[in-house]
Amino acid sequence: MSTFGTLFRVTTFGESHGVGVGCIVDGVPANLDLTEADVQPQLTRRRPGQSSIVTPRNEADTVTILSGTEDGKTLGTPIAMMVHNQNQKKFDYANTAQAPRPGHADYTYQVKYGTRASSGGGRASARETIGRVAAGAVAEKWLAEQHGTKIMCWVSSVKDIDLPKDIAQRLEQNPPSRQQIDDDGCLAEDDNFDYYLDRDGNRYSKADGSPMPGGGAGFEFAKGKKIFTRCPHAPTAARIAACLHELRRKEDSTGGVCTCVITGVPVGIGEPCFDKLEAELAKAMMSLPATKGFEIGEGFNAGRMLGSAHNDLFKGAANDGLLSCASNHAGGTLGGISSGENIVMRVAIKPASSISQNQETCTFDGKPHTLSVKGRHDPCVLPRAPPLLEGMAAITIMDACLRQRARSGAPLVALGEPSAKKAKSV
């Protein structure tokens with residue numbers, strides 16, 4: 001199905017090589033200030049063609065709000081948003097008409113529906129996520145105004161390249177802003193030099209990302225071509241960039257893990273037993289293309305811990321009788337309900353399936369076939385993934401907030417909010 005949510009409902013539409021893609025968002029309260037300027041920044045962060053380590057498909061991904069607002073304010077009616085596709089190359093997919101692409105949904109869509117989009121992956125393409133990112137931007141604005149909620153996502157590993165454990169832990173406990181993620185994970189390159197440059201002037205080898213001494217002839221960061229890794233640790237970002245450039249030369253791809261942290265989450269959202277908050281978040285993340293794993297808090301590591309170490313001990317009364325925790329191994333939920341602590345989750349993303357290497361596969365009728373996937377593809381989708389995870393997280397949290405408001409009829413409160421402060425009316 002193409003609709004997600006209970007009270008805050010998002011329906012996406014469009015195919016990768018169709019006229020356009022977008023969404024219809026129902027359940028947005030009236031009188032929320034909203035224009036395209038509130039939505040565009042996240043779409044720009046996910047757009048293709050933004051650096052040499054992603055697909056060169058050149059799309060501006062400019063959003064237009066078609067309905068649901070007037071004079072910059074929401075009307076309380078469905079909001080429709082659309083982005084036109086402008087740089088399709090359908091002929092790149094001519095050789096996939098007879099053979100399903102390995103790792104793609106060509107085969108399963110054909111079996112399920114008896115037909116499929118002839119190029120670009122159709123609804124299974126990551127272009128579909130534009131509608132999710134746009135809807136998520138709307139949800140984020142409401143959450144920020146109501147509760148000061150913030151959602152930050154960054155690349156924590158690519159292939160076998162991980163953030164150092166101490167850095168990863170520090171980032172989860174004190175998440176950086178999106179601007180910091182973009183800035184700290186940004187490198188510059190120049191075709192005339194054999195190194196990457198970070199914002200502080202440090203040099204890293206293009207061969208493997210290892211640090212290099214300075215001095216001698218060079219180029220300025222501001223004048224170099226930018227590489228956005230969205231890994232907020234320059235030494236790790238350089239290793240990732242070198243890895244992805246090498247994979248592009250080899251016509252191969254890889255995957256990785258993104259970490260997402262949500263702060264300012266109201267206490268008490270989530271609907272046990274089947275709509276527990278972490279269950280809804282898991283569904284949201286696993287509905288994104290190429291996602292293969294989800295964990296919250298300690299995740300799979302919790303299976304190695306003792307209860308005495310994993311339990312998050314309560315401490316002191318906060319506002320309105322709320323308690324906080326001395327640690328956050330649970331990742332922000334207890335019994336499927338938000339505790340008010342930061343929600344910390346990680347999502348594993350598989351290698352991009354479209355690679356240009358020859359693959360010995362078969363046609364739809366089972367005959368041996370050598371397939372090479374043409375087109376413009378990412379050697380790794382991780383650098384463009386954070387806005388997708390942030391969008392789905394925002395949609396899920398807003399929907400859960402509206403459901404709890406409908407249940408209790410009372411304002412929601414997040415840890416740290418003054419006890420006298422009450423949420424604004426819906």
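The model shown is predicted, which means the values in this text are computed figures rather than measured ones.
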Intermediate values then yes/no, side-chain contact (heavy atoms from CB on, under 4.5 Å), Leu402 and Met398 = CA-CA 6 Å; Leu402 293 180; Met398 180 169 176; 4.1 Å; yes
Lys/Arg N to Asp/Glu carboxylate O, Lys283 vs Asp275, below 4.0 Å = no
Quick one: side-chain hydrogen bond (donor to acceptor under 3.5 Å, both in side chains) partners of Asp191, sequence neighbours excluded?
-> Lys225
Can you establish whether the number of heavy atoms outside Lys141 located under 6.0 Å from its atom NZ is more than 12?
-> yes
Are Glu128 and Thr12 linked by a side-chain donor-acceptor pair shorter than 3.5 Å?
-> yes
Does the pair Arg346/Glu295 count as a salt bridge with the N-to-O cut at 4.0 Å?
-> yes
Candidates Gln86, Arg45, Arg127 - the one meeting side chain to side chain donor-acceptor pair (under 3.5 Å) with Asp61 = Arg127
Counting only heavy atoms not in Asp166, do more than 12 sit closer than 6.0 Å to its CG atom?
-> yes
Fit a plane to each ring of Phe219 and Tyr195, take the angle between them on a 0 to 90° scale, and name the class: parallel (under 30°), tilted (30 to 60°) or perpendicular (over 60°).
-> parallel
Is it the case that more than 12 heavy atoms not belonging to Lys350 sit under 6.0 Å from its NZ atom?
-> yes
Can you tell me if Thr263 and Asn342 form a side-chain donor-acceptor pair at under 3.5 Å?
-> no
Is there a donor-acceptor pair under 3.5 Å between the side chain of Thr74 and the backbone N or O of Thr69?
-> no
Expected output: side-chain Ser353 to main-chain Gly103 donor-acceptor under 3.5 Å | yes
Lys226 atom NZ, over 12 foreign heavy atoms within 6.0 Å | yes
For Asp184 and Gln180, test the side chains for any donor-to-acceptor distance below 3.5 angstrom and give the result as yes or no.
-> no
So, Asp106 and Arg116, do they make that salt bridge, N to O below 4.0 Å?
-> no
Rounded to the nearest 0.5 angstrom, the CZ-CG distance for Phe8 and Asp26 is 9.5 Å
With sequence neighbours left out, what residues match Arg249 under side-chain hydrogen bond (donor to acceptor under 3.5 Å, both in side chains)?
-> Glu246
